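Notes follow once the structure below has been shown.
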Amino acid sequence: MPRYEYPTTAPALDFRAFLAELLAAGDAVAIERTVDPHLEVGAVTRRVYETHAPAPLFGSLTGAAPGFRILGAPAGLSALPGQRYGRIAAHFGLPRTASPRDLLEHLIRAMHAEPVPPVVVPTGPCRQNVVTGEAVDLERLPVPLLHQEDGGRYLGTYGFHVVRSPDGEWTSWSVARTMLRDRTTLVGPAMPQQHIGMIHRMWRERGEHTPWAMVLGAPPAALAAAAMPLPDGVSEDGYVGALTGRPVEVVRALANGLHVPAYAEIVLEGYLSRDETAPEGPMGEYHGYAFPEGRPQPVFHVEAVSWRDDPVLPVCVAGLPPEENHTVWGTMISASALDLLRTAGLPVDLAWCSYEAATCWIVLAIDRSRRGVPGWTDRRLVDAVAEVLFPSHVGWLVPKVILVDDDIDVTDIRQVVWALATRCRPGTGEHVFPDAPGIPMVPYLTPEEARTGTGGKSITNCLLPEGFRGTTASFRGSYPEELQRHVLANWSRYGY
């Protein structure tokens with residue numbers, strides 16, 4: 001293949017540029033010593049999540065083909081001062097100092113902007129190396145065993161599926177895991193409630209396999225868009241352009257008529273079998289647990305693999321939060337829910353899936369200035385949130401909702417815990433919605449609830465009661481603003 005000069009791209013649209021930005025900021029570290037993909041990569045990455053250390057770039061991997069690398073914790077939290085959300089912000093093209101509200105408002109603006117369709121280009125970095133047909137061998141890739149409890153090695157933990165409806169009107173990019181089965185096949189979930197499952201069903205009804213691709217080391221904004229619970233029928237590729245202000249560049253797939261990002265590290269192409277299944281899992285889950293058994297899932301057949309020189313495979317080592325299921329997915333869920341509730345006219349100032357809650361709850365800050373509007377009783381507000389949120393795709397994903405007044409910073413887990421402990425009245429504060437639809441993966445569901453996709457949904461009222469006379473005893477609440485400024489200005493002089 002002839003060499004091609006690739007233009008410089010923004011980090012949000014090029015994983016390689018994103019990685020360079022992390023390294024330059026000190027939020028990634030290049031590990032030169034040889035590391036084993038069999039558990040050692042997973043162990044190091046789990047330790048990184050739990051200490052907020054820089055993302056590990058493993059440059060020398062036992063048993064891997066020359067040049068292949070792995071990046072762990074691509075969207076973990078950072079310990080760098082003032083840059084806690086730096087890796088997440090970089091996915092969206094925002095400054096590393098962006099706050100949670102900055103992230104959400106940026107995502108919501110893109111949801112209401114005109115979609116910017118992708119641009120088809122003749123080639124791209126993802127085509128620097130290509131194998132097809134009998135030459136395909138997924139075992140060449142450094143596929144890691146991430147937890148000792150896992151039932152296999154997982155290739156797709158931080159990538160996304162590409163599928164398109166038979167009529168060509170809907171292209172879905174969606175994040176889901178895939179486990180290595182053999183040299184040419186993967187196996188992974190495609191739940192009927194997920195967009196990939198909906199499109200898979202369309203092709204099955206025609207008696208055909210689903211044309212499919214998987215993108216690994218994707219443009220970070222594309223990965224984030226793929227994790228966004230957008231409405232059915234909305235194509236994520238146009239949202240990427242709205243999010244970044246420029247179209248994502250795509251190339252035509254080698255094995256089918258799909259299009260994949262040109263600035264990807266690794267691309268797999270083939271089809272999702274019409275009816276073939278195979279055992280998948282178990283795998284350490286995003287709720288923080290590992291279970292003892294797997295289950296049959298659809299089989300993905302790989303007919304072509306392409307990769308850029310010295311490719312980097314990003315991995316998410318799912319488990320105890322926070323990791324990417326909580327940081328990226330949780331942030332996208334927060335933005336979608338906030339936009340949905342605002343659009344419905346509810347007095348919600350901010351929404352946040354606390355990363356520490358493993359995407360099992362979302363906290364809503366209620367605008368206190370609007371709580372006094374006639375008709376907004378606490379019970380009416382609870383019912384209105386349930387009516388708007390629970391039937392939606394984003395509401396299907398999160399089982400628990402917590403309502404607090406907007407004096408609580410919902411992005412600060414300490415304040416949320418304080419509100420839960422001091423403002424929720426036992427016996428009357430929790431409202432249960434047993435018939436609301438919900439994701440069946442929540443650990444506390446009964447087998448029957450998981451089978452039917454209902455149950456386990458609640459709204460917890462932590463709103464201050466009417467006539468409450470207390471004030472918050474804190475640095476911000478108990479001292480004049482002038483004294484606060486004086487103390488902050490002299491903080492180092494106090495010896496801190």
Side-chain angles (χ1 to χ4, degrees), residues 85 88 91-92 99-113 174-175 193-195 224-232 234 236 239 242-243 286-287 321-322 324-367 370 376 381-406 408-413 416 419-420 431 433 436-439 441-442 453 456-463:
Y85 305 94
I88 307 160
H91 278 65
F92 311 142
S99 69
R101 185 180 288 273
D102 294 334
L103 303 178
L104 298 189
E105 299 295 357
H106 182 69
L107 292 168
I108 291 172
R109 281 193 296 271
M111 292 173 69
H112 290 274
S174 62
V175 176
Q193 303 93 335
Q194 295 175 311
H195 291 167
M228 190 83 164
L230 295 174
D232 301 352
V234 175
E236 287 80 5
Y239 179 70
L243 186 62
Y286 71 90
H287 296 113
E324 284 75 18
N325 286 294
H326 318 115
T327 59
V328 173
W329 193 34
T331 300
M332 309 310 276
I333 289 172
S334 301
S336 294
L338 179 57
D339 180 64
L340 178 69
L341 294 163
R342 281 179 176 174
T343 301
L346 275 66
V348 178
D349 175 65
L350 199 63
W352 191 249
C353 278
S354 303
Y355 294 163
E356 296 81 358
T359 323
C360 281
W361 79 34
I362 187 168
V363 190
L364 308 181
I366 304 301
D367 185 343
R370 296 173 62 192
W376 277 135
L381 185 56
V382 166
D383 289 341
V385 169
E387 290 166 8
V388 172
L389 190 59
F390 286 161
S392 69
H393 182 53
V394 64
W396 175 74
L397 296 168
V398 184
K400 299 177 182 177
V401 181
I402 300 171
L403 306 183
V404 299
D405 289 289
D406 62 3
I408 297 295
D409 178 359
V410 296
T411 70
D412 185 342
I413 191 65
V416 174
L420 273 168
H431 304 266
F433 298 83
I439 189 167
M441 298 176 68
V442 179
K457 308 283 278 197
S458 70
I459 297 180
T460 301
N461 180 6
C462 296
L463 300 171

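Keep in mind that the numbers below use all heavy atoms, side chains included, and drop hydrogens, waters and symmetry copies. Keep in mind the model is a prediction, meaning the values are calculated, not measured.
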- prompt: Is the closest side-chain donor-acceptor distance between Ser354 and Trp361 under 3.5 Å?
  reply: yes
- prompt: Which atoms form the tightest heavy-atom contact between Pro399 and Gly456, and what is the distance?
  reply: CB-O, 3.5 Å
message: Give me the atom names and distance for the closest heavy-atom approach of Ser458 to Phe390.
response: O-CZ, 3.9 Å
- request: Could you pull out all residues at least two apart from Phe92 that satisfy ring-ring contact (aromatic ring centres under 6.0 Å, His included)?
  value: none
- line: Heavy atoms of Pro391 and Ala386 approach each other most closely as CD-O, 3.4 Å
query: Which side-chain hydrogen bond (donor to acceptor under 3.5 Å, both in side chains) pairs, counting each pair once, include a residue from residues 395-405, with sequence neighbours left out?
result: Arg371-Asp405
Approximate separation, where rounding is to 0.5 Å, of His91 NE2 and Leu103 CG: 11.5 Å
message: Ignoring hydrogens and geometry beyond distance, is a side-chain donor-acceptor pair present between Asp383 and His431 at under 3.5 Å?
response: no
- prompt: side-chain contact (heavy atoms from CB on, under 4.5 Å) between Leu420 and Ile402: does it pass, once the steps are laid out?
  reply: CA-CA 8 Å; Leu420 273 168; Ile402 300 171; 4.1 Å; yes
field: Pairs where residues 346-366 contributes a residue and the test salt bridge (Lys or Arg N to Asp or Glu O under 4.0 Å) is met, not counting sequence neighbours
entry: Arg84-Glu356, Arg101-Asp349
task: Kindly write out the residues that satisfy side-chain contact (heavy atoms from CB on, under 4.5 Å) with Ser336, not counting sequence neighbours, or none if the list is empty.
output: Met111, Met228, Pro229, Val394
- request: Report yes if some heavy atom in the side chain of Ile362 is under 4.5 Å from a heavy atom in the side chain of Trp352; otherwise report no.
  value: no
task: Work out which heavy atom in Ile333 is nearest to a heavy atom in Cys353; give both atom names and the distance.
output: CG2-SG, 3.6 Å
Atom pair CD1/NE2 of Ile108 and His106 - distance to nearest 0.5 Å: 11.5 Å
query: Residues two or more places apart in sequence or in another chain: which of them pass side-chain contact (heavy atoms from CB on, under 4.5 Å) with Ala344?
result: Leu346, Val388
- request: Quick one: list whatever passes side chain to side chain donor-acceptor pair (under 3.5 Å) with Thr343, sequence neighbours left out.
  value: none
query: Can you find a heavy atom in the side chain of Phe433 that is under 4.5 Å from one in the side chain of Val382?
result: yes
task: Run the numbers on Val404 and Val410 for side-chain contact (heavy atoms from CB on, under 4.5 Å), then give the verdict.
output: CA-CA 8 Å; Val404 299; Val410 296; 3.7 Å; yes
- prompt: Hey, mind stepping through Asn325 and His287 against side chain to side chain donor-acceptor pair (under 3.5 Å) and telling me if it holds?
  reply: CA-CA 9 Å; Asn325 286 294; His287 296 113; over 6 Å; no
- request: Report yes if the side chains of Leu389 and Ile459 come closer than 4.5 Å at any heavy-atom pair, otherwise no.
  value: no
- prompt: Are Tyr85 and Thr331 close enough that a side-chain donor and a side-chain acceptor fall under 3.5 Å?
  reply: no
field: Atom of Lys457, atom of Val398 and distance for their closest heavy-atom approach
entry: NZ-O, 3.1 Å
- request: Supply the atom-to-atom distance Arg109 CZ to Asp339 CG, rounded to the nearest 0.5 angstrom.
  value: 12.0 Å
message: Counting C-beta onward and ignoring hydrogens, is there a side-chain heavy-atom pair between Thr460 and Leu403 closer than 4.5 Å?
response: no
- prompt: Out of curiosity, Leu350 CG to Ile408 CD1, how far, rounded to the nearest 0.5 Å?
  reply: 12.5 Å
message: Nearest 0.5 Å, please: how far is CG in Leu230 from CE in Met332?
response: 7.5 Å
- prompt: Are any non-hydrogen side-chain atoms of Tyr286 and His326 less than 4.5 angstrom apart?
  reply: yes
- prompt: Looking only at heavy atoms, what is the nearest atom pair of Tyr355 and Pro322, with distance?
  reply: CB-CB, 3.9 Å
task: Rounded to the nearest 0.5 Å, what's the gap from CG on Leu364 to CG on Leu381? Could you check?
output: 8.5 Å
